[in-house]
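Have a look at the structure below, then the notes.
Letters A, B, ... mirror the listed sequences (proteins, then strands); counts begin at 1.
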There are 2 protein chains.
Amino acid sequence: MVDQTLTLWFSEDMSNDLDTVFAALADPTRRAILAMLLEDDMAVTDVAEPFEMSLAAISKHLGILTKAGLISQEKRGRVKWCKLEPDALRAASVWMQGFGQFEPVNLDAFERFLEVELPSGED
Amino acid sequence: MVDQTLTLWFSEDMSNDLDTVFAALADPTRRAILAMLLEDDMAVTDVAEPFEMSLAAISKHLGILTKAGLISQEKRGRVKWCKLEPDALRAASVWMQGFGQFEPVNLDAFERFLEVELPSGED
DNA sequence: CGCATATTTAACCAAATGGTTGACCAAACC
DNA sequence: GGTTTGGTCAACCATTTGGTTAAATATGCG
């Protein structure tokens with residue numbers, strides 16, 4: 001099962017995926033958006049609200065996150081809802097874990113740190 | 001203990017670190033270099049050898065990896081040795097794991113995939 | 001219909017990225 | 001001392017990135 005995964009990992013597709021996922025994660029605004037979406041699905045306008053940046057800029061960020069597969073966007077009525085897609089992180093996470101055999105992280109603590117992370121709390 | 005770590009995570013420093021680490025990982029050449037260094041420490045020239053790219057370009061990539069803390073470089077004689085620093089990946093890995101509670105990865109399988117990944121095998 | 005709301009698109013801009021070549025510096029060798 | 005070897009630096013170039021504003025496209029509402 002893992003073997004099957006391995007055959008995929010260094011296809012150019014996979015390398016491409018890692019490119020776009022890591023590039024998407026390299027921007028703090030986008031990481032903050034992901035953290036917000038961890039709490040709940042959100043409309044584009046609501047995602048944009050805490051940032052000091054135009055809606056168009058946020059829309060672009062969301063496009064990048066979508067292309068990386070990190071979120072999905074579904075239009076209901078005139079509102080477009082953004083939803084976290086944590087699976088897209090798996091491949092990247094696995095790639096990284098290979099380098100360090102990191103201990104699993106304490107997720108309760110992680111949730112608490114998110115409260116600090118959220119842009120609404122940063123202002 | 002984890003709590004202590006948490007207070008650091010959203011300092012601007014930490015966010016900055018994540019920026020540079022993820023940005024460094026977003027390039028396939030640099031990921032390939034990391035994979036090579038996972039096997040053994042290497043001199044700059046030897047790192048460059050499998051790539052169809054100037055030594056200067058590789059030198060730049062190594063600089064970026066160094067700035068991200070992903071490798072260290074030590075000059076012995078006229079040769080500069082590059083060494084993987086897997087710890088730098090930990091923070092980023094932890095950040096990512098928070099989004100998916102991923103299962104730990106099979107590292108034996110990971111080693112085998114590296115044989116495929118190595119640029120010397122890609123040509 | 002006519003207007004407000006939600007979001008994207010287009011055109012533009014400055015700065016960063018990933019590469020090149022050629023000059024340069026430092027260590028080793030004959 | 002002169003030349004090769006190992007590596008960086010500087011200047012340059014094309015492309016991408018992250019942002020802007022203004023116009024365009026839906027959708028919903030009275």
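Contacts of A:A26 classified as side-chain contact (heavy atoms from CB on, under 4.5 Å), with partners at least two apart in sequence or in another chain: B:F22, B:A23. Residues passing the salt bridge (Lys or Arg N to Asp or Glu O under 4.0 Å) test with A:D46: none are found, sequence neighbours excluded. Scanning for salt bridge (Lys or Arg N to Asp or Glu O under 4.0 Å) contacts around A:D27 gives an empty result, with sequence neighbours left out. With sequence neighbours excluded, the residues satisfying side-chain contact (heavy atoms from CB on, under 4.5 Å) with B:A57 are B:M53, B:S54. Legend: residues meeting side-chain contact (heavy atoms from CB on, under 4.5 Å) with B:E49, ordered by chain and number and at least two apart, are absent. Judged as a side-chain contact (heavy atoms from CB on, under 4.5 Å), and not counting sequence neighbours, the contacts of A:D19 are A:S15, B:P28, B:R31.
Summarising the geometry, the separation between NZ on B:K80 and P on D:dT5 is reported as 21 Å, rounded to the nearest angstrom. Between B:Q73 atom CD and C:dA26 atom C1' the separation is 16 Å, expressed in whole Å. Rounded to an integer number of Å, the gap from CD1 of A:I58 to P of C:dT7 is 12 Å. One atom, CD of B:E49, and another, C1' of D:dT5, lie 16 Å apart when rounded to the nearest Å. Look at CG on B:L65: it is 13 Å from P on C:dT17, rounded to the nearest Å. Atom pair B:I33:CD1 and C:dG18:C1' shows a separation of 12 Å (rounding to whole Å applied). The distance between atom CE of A:M42 and atom P of C:dA6, rounded to the nearest whole Å, is 13 Å. For A:F22 and C:dT17, the CZ to P distance is 17 Å, given to the nearest whole Å.
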Checklist entry - Which nucleotides of nucleotides 10-21 of chain D have their base under 4.0 Å from a protein heavy atom (B), which only their sugar-phosphate (S), and which neither (-), written as one string 5' to 3'? => result -B------SBBB
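If you chain together ILVMFWY residues whose side-chain heavy atoms come under 4.5 Å of each other, A:W81 ends up grouped with A:V79.
Distances shown here put a side-chain N or O of B:S59 below 4.0 Å from the OP1 or OP2 atom of D:dT8.
Between atom CE of residue B:M96 and atom CG of residue A:L89 there is a gap of 4.5 Å, rounded to the nearest 0.5 Å.
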Polar atoms only, N or O, under 3.5 Å: list the protein pairs with nucleotides 27-30 of chain C and their distances.
unit_1: C:dA27; atom_1: O3'; unit_2: B:R78; atom_2: N; d: 3.3
unit_1: C:dA27; atom_1: N3; unit_2: B:R78; atom_2: NH1; d: 3.4

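Panel note: side chain A:R30, backbone A:A24; a donor-acceptor pair is recorded below 3.5 Å.
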